[in-house]
Amino acid sequence: MTLDYDGIAAMLRGGAALVRENQDLLSRLDSVGGDGDHGATMTRAMGCLEAVITADTTRDIKSLLHAVGWAILGVDGGAVGPLLGGFFMAMAPAAQGKTTLDAAELATVFEAGLAGVLKQTKARPGDKTMVDALQPAVDALRSAADAAATVHDALERAADAAEQGAKSTEGLQARFGRAKNIKEQSIGSPDAGATSISLLFRGFSRSVG
Amino acid sequence: MTLDYDGIAAMLRGGAALVRENQDLLSRLDSVGGDGDHGATMTRAMGCLEAVITADTTRDIKSLLHAVGWAILGVDGGAVGPLLGGFFMAMAPAAQGKTTLDAAELATVFEAGLAGVLKQTKARPGDKTMVDALQPAVDALRSAADAAATVHDALERAADAAEQGAKSTEGLQARFGRAKNIKEQSIGSPDAGATSISLLFRGFSRSVG
Amino acid sequence: MAMKKLINQPEALVSELLEGFAIAHEKKVRMEGSNLVVRAHPKATDKVALVTLGGSGHEPALSGFVGEGMLDISVPGEIFAAPGPPRVLEALRKANRDAGTLFVVLNHAGDVLSANLAMDMAKTEGLKVESVLTHEDISGGPRNEPEERRGLVGCLPVIKVAGAAAEMGKSLEECKAIAERMESNMATLALAVSGATHPSTGGVIAEIPDDIMVVGMGQHGEAGGGTQSLKSADETTDIMLTALIDDLTLKSGDNVLVLINGVGSTTLMELYIVLRRVKQGLAEKNITLARSLVGQYLTVQEMGGFQLCIARMDEELLALWDAPCDSPALTVK
Amino acid sequence: MAMKKLINQPEALVSELLEGFAIAHEKKVRMEGSNLVVRAHPKATDKVALVTLGGSGHEPALSGFVGEGMLDISVPGEIFAAPGPPRVLEALRKANRDAGTLFVVLNHAGDVLSANLAMDMAKTEGLKVESVLTHEDISGGPRNEPEERRGLVGCLPVIKVAGAAAEMGKSLEECKAIAERMESNMATLALAVSGATHPSTGGVIAEIPDDIMVVGMGQHGEAGGGTQSLKSADETTDIMLTALIDDLTLKSGDNVLVLINGVGSTTLMELYIVLRRVKQGLAEKNITLARSLVGQYLTVQEMGGFQLCIARMDEELLALWDAPCDSPALTVK
Ligand SMILES: Nc1ncnc2c1ncn2[C@@H]1O[C@H](COP(=O)(O)OP(=O)(O)O)[C@@H](O)[C@H]1O
Ligand SMILES: Nc1ncnc2c1ncn2[C@@H]1O[C@H](COP(=O)(O)OP(=O)(O)O)[C@@H](O)[C@H]1O
Ligand SMILES: [Mg+2]
Ligand SMILES: [Mg+2]
Ligand SMILES: [Mg+2]
Ligand SMILES: [Mg+2]
């Protein structure tokens with residue numbers, strides 16, 4: 001089983017929907033050490049994503065990912081705009097020439113996205129940022145693909161890993177983003193950005209047959 | 001019985017002392033419709049008055065009154081500085097050449113002071129200002145002097161009249177000063193400046209034998 | 001309301017703040033005599049001098065208006081209290097010159113009493129002084145009862161245009177006429193949304209419930225409605241603007257200056273939003289917003305709210321408003 | 001904490017405030033493209049351009065620094081949120097010139113991410129851009145870990161001196177070197193005494209108990225002691241000044257610029273009292289307060305407190321600081 005243009009579009013929409021449903025939770029988490037706007041910013045980012053999909057007439061996966069990334073970059077939203085926008089932008093070149101993606105190809109595309117994020121930030125797993133969810137999710141996707149899982153199963157394992165990664169941030173002290181300013185006080189509640197990523201991947205997996 | 005330089009000085013000190021004892025009350029009354037500083041301002045004014053008496057070496061009643069008035073004018077204190085300072089300044093010329101004052105002469109001097117105040121402000125009895133205490137006090141002083149009262153008795157009747165005048169302001173609506181801005185809401189508590197005048201005259205009468 | 005102010009002994013408040021003020025603006029002002037604020041570079045003595053007086057605690061007003069093209073001397077009083085006549089007289093003596101002195105007085109009981117006493121003394125001494133009284137707060141009473149109207153931030157345009165006229169070498173009579181024309185063509189209304197604490201007594205200045213605002217502060221509100229439920233920026237602006245347009249009987253084709261003066265904790269962000277609406281409201285009536293000024297010029301400690309001042313301008317007043325000036329609170333190149 | 005702000009729909013906040021901002025300062029700035037704030041009278045294109053980006057809600061910063069002798073373009077974001085790279089790239093393209101563009105970035109995660117992405121894209125397109133990062137908040141970490149230090153009001157002196165250098169026709173390399181020299185010679189510490197509300201969400205920004213103050217806002221306070229009991233102006237100033245002098249290793253004979261930036265409801269009165277004490281504290285160590293600036297330049301809504309920024313100055317930096325400029329927030333004649 002592979003994902004074509006419509007499959008990718010559905011996957012993205014599914015992720016966006018679940019993130020939006022959790023806007024209040026995300027803002028609440030961000031208000032512990034941040035400025036409480038993460039839910040609003042993610043909602044705006046996901047709105048852009050949906051609008052781009054609706055407007056896109058290219059039927060080309062690479063173009064779609066690029067357009068989604070550029071639109072999210074354009075969301076005035078602090079840290080998350082460039083990180084998440086950069087994530088999708090970086091995925092695009094890896095989808096060059098592809099009309100469908102199997103699990104391995106999907107992993108390759110996501111790995112390119114992750115690499116784009118890691119080029120932008122020095123945050124690594126353990127620093128209590130979205131990377132704590134994103135890195136394990138992409139790793140799990142690759143492992144599942146290597147183990148010949150279906151696209152659906154691979155995305156489900158990625159979502160599980162993202163969820164676990166997000167949960168693990170609860171015990172961590174923030175070393176990046178605004179929350180790092182409150183030091184130890186950031187311990188005890190999960191990172192907002194990591195939670196977003198976890199919700200995004202769960203939404204991806206649920207909407208892929 | 002007459003008041004000489006020392007008698008006038010004692011009278012002024014007596015008034016100042018009683019006003020100072022009531023600083024908090026005066027501020028409280030001023031905070032109803034004013035800015036709550038009347039107690040502080042009167043305390044500063046009375047401090048100046050005492051300092052001038054201590055420093056004065058003229059042994060001349062006119063000079064003393066002029067110096068007291070000028071010093072009180074110098075108190076940065078909103079309405080009360082010019083009014084009360086002007087009161088004492090205006091008294092001075094009326095004491096020209098006098099080494100002692102009997103009740104009638106005292107009434108003349110106070111009348112000159114009142115005239116100075118009334119030249120400065122358009123407020124008249126009934127407008128809920130210090131004039132509500134000052135005008136009846138001076139009138140009572142004159143009546144008592146006309147009726148051949150002693151200086152002490154004349155000042156006591158003046159103090160009684162000032163007290164009644166101050167009390168009467170409770171039912172009035174302020175038409176001058178900051179309190180006029182709250183209109184009907186000024187009704188129900190006596191005017192701060194009128195209360196000061198009442199205390200001042202009570203202190204005068206108590207310290208005159 | 002807890003007082004969380006960075007102060008030391010309340011008694012030293014004014015002298016300490018003036019000390020810092022003089023340090024901060026040493027190129028423009030300095031202290032002389034009994035804490036009089038004077039220009040660091042005095043104006044030529046053949047030009048009319050401008051003097052004012054007023055309580056402290058309203059920074060940058062009024063001493064922040066001392067400088068080139070504005071005031072020559074300001075006499076700062078204690079917190080919210082007019083300075084006494086001796087210091088005012090000292091200022092008038094210091095300003096004294098053949099060209100004469102224009103004395104700008106805001107209509108508040110203490111200021112007026114002190115100013116009048118000092119003026120009388122100055123005139124007795126033969127000094128050439130004329131005064132202009134500002135009273136543009138429309139919530140105090142109707143236009144034909146000017147004594148009931150307080151002087152609010154409108155002192156700034158009066159000082160600005162009269163100061164520019166003086167700098168140009170106009171006579172005392174001309175400067176006075178300009179100041180009075182400015183004064184009689186302006187109207188101000190104050191909004192308060194939250195109170196403040198008195199920095200020396202710690203007492204509360206205006207306690208305003210959470211869902212309440214007051215248009216025409218300290219008033220029952222013939223103009224603007226007084227105490228009422230909190231409204232949006234646009235609704236609030238509309239209420240205030242309507243009252244001011246009425247008071248000034250502004251007509252289609254008029255050119256106005258709009259001054260939005262934040263009194264404390266209300267942000268510049270909000271003041272800009274209000275200005276935007278003022279412009280819209282004026283445009284609806286075909287009135288031109290010819291000039292505007294937005295910021296904190298005359299504050300009431302950390303009180304929340306602003307004063308909206310509208311002034312009908314003519315060509316000369318506009319030119320004087322645009323003239324260069326250089327004071328701590330306002331610099332025009 | 002009840003929100004008593006004069007706003008309309010939270011969604012429209014930024015566009016409405018920019019609309020008012022542009023009206024208020026129409027002689028100095030105007031809006032172009034995707035809400036970019038540009039100079040009304042553009043600088044000659046053979047001179048280096050200065051560009052910055054940053055969240056809104058800090059008025060007058062950062063767009064208030066656009067004008068003659070200061071910034072050419074500011075890219076305002078949403079409330080407290082950096083603008084995304086597309087609008088930043090648009091600004092860099094608009095500024096583009098042979099002389100090059102100096103891009104001033106404050107060290108905050110969102111700003112840096114957005115700036116870097118836009119810079120990369122601009123360079124890919126062949127634009128001549130150099131950037132300087134401001135990070136002078138000493139409460140973030142030690143001097144040798146600059147990435148941990150946030151950019152606070154120190155952006156203003158950096159923009160001022162680099163802007164003056166650009167106006168004089170200095171090259172991009174020279175402007176950058178000047179900006180970096182200014183940057184590495186300054187240190188800032190923030191004090192918060194009371195919190196604020198987020199204008200779009202209504203959420204609380206920093207809840208500070210009545211008897212508490214926080215030195216090094218949002219920090220545990222290696223420098224300055226962090227959360228502690230409320231102190232007098234002089235005690236508080238001493239704590240902050242000591243930490244800044246230590247960080248900068250200021251020595252007897254040094255000349256410094258002192259910038260006291262009110263962040264919201266703290267009055268100018270208080271800021272002057274603090275400046276007075278700073279001057280005393282410097283004098284005790286034989287350090288000269290060569291220049292000072294006191295006022296609200298980078299605010300955090302109605303938060304109470306201030307940022308104290310000290311900068312070691314040399315002759316050239318002082319001359320650039322004194323050079324004329326004309327922006328909404330700062331005019332030097
Ligand atoms: N430098 C960074 N590197 C990686 N992730 C970051 C960084 N800064 C912030 N984040 C992520 O962004 C989230 C906050 O996003 P958001 O609230 O939208 O932005 P902001 O902090 O600018 O308001 C954090 O929870 C964290 O996961
Ligand atoms: N115009 C006036 N005429 C007469 N008395 C006045 C006038 N204005 C104020 N007062 C008196 O002054 C008192 C207030 O004095 P004070 O609080 O010291 O001055 P301020 O109102 O300037 O703070 C009032 O209670 C009133 O008696
Ligand atoms: Mg956030
Ligand atoms: Mg009073
Ligand atoms: Mg007073
Ligand atoms: Mg944010």
Side-chain angles (χ1 to χ4, degrees), chain C residues 2 4-9 13 16-21 23-26 56-57 59-60 64 68 191 193-194 199 208 210-211 213 230 232-234 236-237 260 264-277 279 289 292-296 299 301-302 304 306 324 326 331-333, chain D residues 2 4-9 13 16-21 23-26 56-57 59-60 64 68 191 193-194 199 208 210-211 213 230 232-234 236-237 260 264-277 279 289 292-296 299 301-302 304 306 324 326 331-333:
Chain C
K4 300 197 80 170
K5 292 195 210 256
L6 293 151
I7 57 175
N8 299 303
Q9 300 311 313
L13 204 55
E16 290 186 354
L17 96 84
L18 288 173
E19 192 183 332
F21 170 76
I23 295 168
H25 307 292
E26 60 184 358
S56 294
E59 289 65 37
E68 183 199 325
L191 171 82
V193 297
S194 59
I208 304 177
D210 273 358
D211 50 346
M213 66 181 196
L230 198 64
S232 74
D234 285 0
T236 307
T237 304
I260 301 182
S265 55
T266 292
T267 60
L268 210 39
M269 173 189 86
E270 294 159 85
L271 303 183
Y272 286 136
I273 291 172
V274 168
L275 176 65
R276 171 199 128 272
R277 182 61 173 190
K279 181 166 181 169
L289 187 153
S292 64
L293 185 68
V294 175
Q296 296 189 348
T299 63
Q301 297 290 308
E302 73 280 14
F306 65 90
D326 201 13
T331 299
V332 174
K333 281 190 75 165
Chain D
K4 300 195 81 169
K5 291 193 210 256
L6 291 151
I7 56 176
N8 299 302
Q9 300 311 313
L13 205 54
E16 289 186 355
L17 95 84
L18 288 173
E19 192 183 332
F21 171 77
I23 295 168
H25 308 292
E26 61 183 358
S56 295
E59 290 65 37
E68 183 199 325
L191 170 82
V193 297
S194 60
I208 304 177
D210 273 358
D211 50 346
M213 66 180 197
L230 197 64
S232 74
D234 284 0
T236 307
T237 304
I260 301 183
S265 55
T266 292
T267 59
L268 210 40
M269 173 190 86
E270 294 159 84
L271 303 183
Y272 286 136
I273 290 173
V274 168
L275 176 65
R276 172 199 127 273
R277 183 63 173 188
K279 181 166 181 170
L289 187 153
S292 64
L293 186 68
V294 175
Q296 296 189 348
T299 62
Q301 296 291 308
E302 73 280 13
F306 66 90
D326 202 12
T331 298
V332 175
K333 281 190 75 167

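Both backbone and side-chain heavy atoms feed into the values below; hydrogens, waters and symmetry mates do not. The sequence lines fix the lettering, A, B, ..., with proteins before strands; numbering per chain opens at 1.
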Original post:
Between D:T237, D:L289, D:L13, D:D211, which has the largest tally of heavy atom pairs under 4.5 Å with chain C?
Top reply: D:L13
Original post:
Taking all non-hydrogen atoms of both residues, which atom of D:F306 and which atom of C:L6 are closest, and how far apart?
Top reply: CE2-CD1, 3.5 Å
**OP:** Would you sort out whether D:E16 and C:R276 count as a salt bridge (charged side-chain N to carboxylate O under 4.0 Å, His left out), showing the intermediate values?
**Re:** CA-CA 7 Å; D:E16 289 186 355; C:R276 171 199 128 272; 3.3 Å; yes
**OP:** Output the option from D:I273, D:L271, D:L18, D:L293 having the highest count of non-hydrogen pairs under 4.5 Å with chain C.
**Re:** D:I273
**OP:** Determine the option with the most heavy-atom pairs under 4.5 angstrom with chain D, choosing from C:V294, C:V274, C:I7, C:V332.
**Re:** C:I7
Original post:
Of the backbone (N, CA, C, O) and the side chain (C-beta and beyond), which part of C:E26 lies under 4.5 Å from a heavy atom of chain D, both, or neither?
Top reply: side chain
**OP:** Could you have a look at D:Q9, D:M213, D:H25 and say which one has the most heavy-atom pairs with chain C under 4.5 angstrom?
**Re:** D:H25
Original post:
With sequence neighbours excluded, what pairs up with C:S265 under the side chain to side chain contact (heavy atoms under 4.5 Å, CB included) test?
Top reply: C:S194, D:S265, D:E302
Original post:
Between C:T299, C:L17, C:D326, C:T236, which shows the greatest number of heavy-atom pairs under 4.5 Å with chain D?
Top reply: C:L17
Original post:
Taking the side chain as C-beta and beyond, is there a heavy-atom pair between C:K333 and D:T331 under 4.5 Å?
Top reply: yes
Subject >> Flag, side chain of C:N8 to backbone of D:D234, donor-acceptor distance under 3.5 Å >> reply: yes
**OP:** Pick one of side chain, backbone, both or neither for C:I260, based on which atoms fall under 4.5 Å of a heavy atom in chain D.
**Re:** neither
Original post:
Nearest 0.5 Å, what's the CG-CZ distance between D:L268 and C:F21?
Top reply: 8.5 Å
Subject >> Distance (rounded to the nearest 0.5 Å) between C:T266 OG1 and D:K5 NZ >> reply: 9.0 Å
**OP:** For each of D:E19, D:E270, D:Q296, tally heavy-atom pairs with chain C at distances under 4.5 Å, and name the one with the top tally.
**Re:** D:E270
Subject >> Residue C:K279 versus chain D: region with a heavy atom under 4.5 Å >> reply: side chain
**OP:** Considering non-hydrogen atoms only, spot the tightest contact between C:V193 and D:K4 and give its length.
**Re:** O-NZ, 2.5 Å
Subject >> Under 4.5 Å from any heavy atom of chain D - which part of C:S292 >> reply: both
Original post:
So do the side chains of D:E59 and C:T267 get within less than 4.5 Å of each other, counting heavy atoms only?
Top reply: no
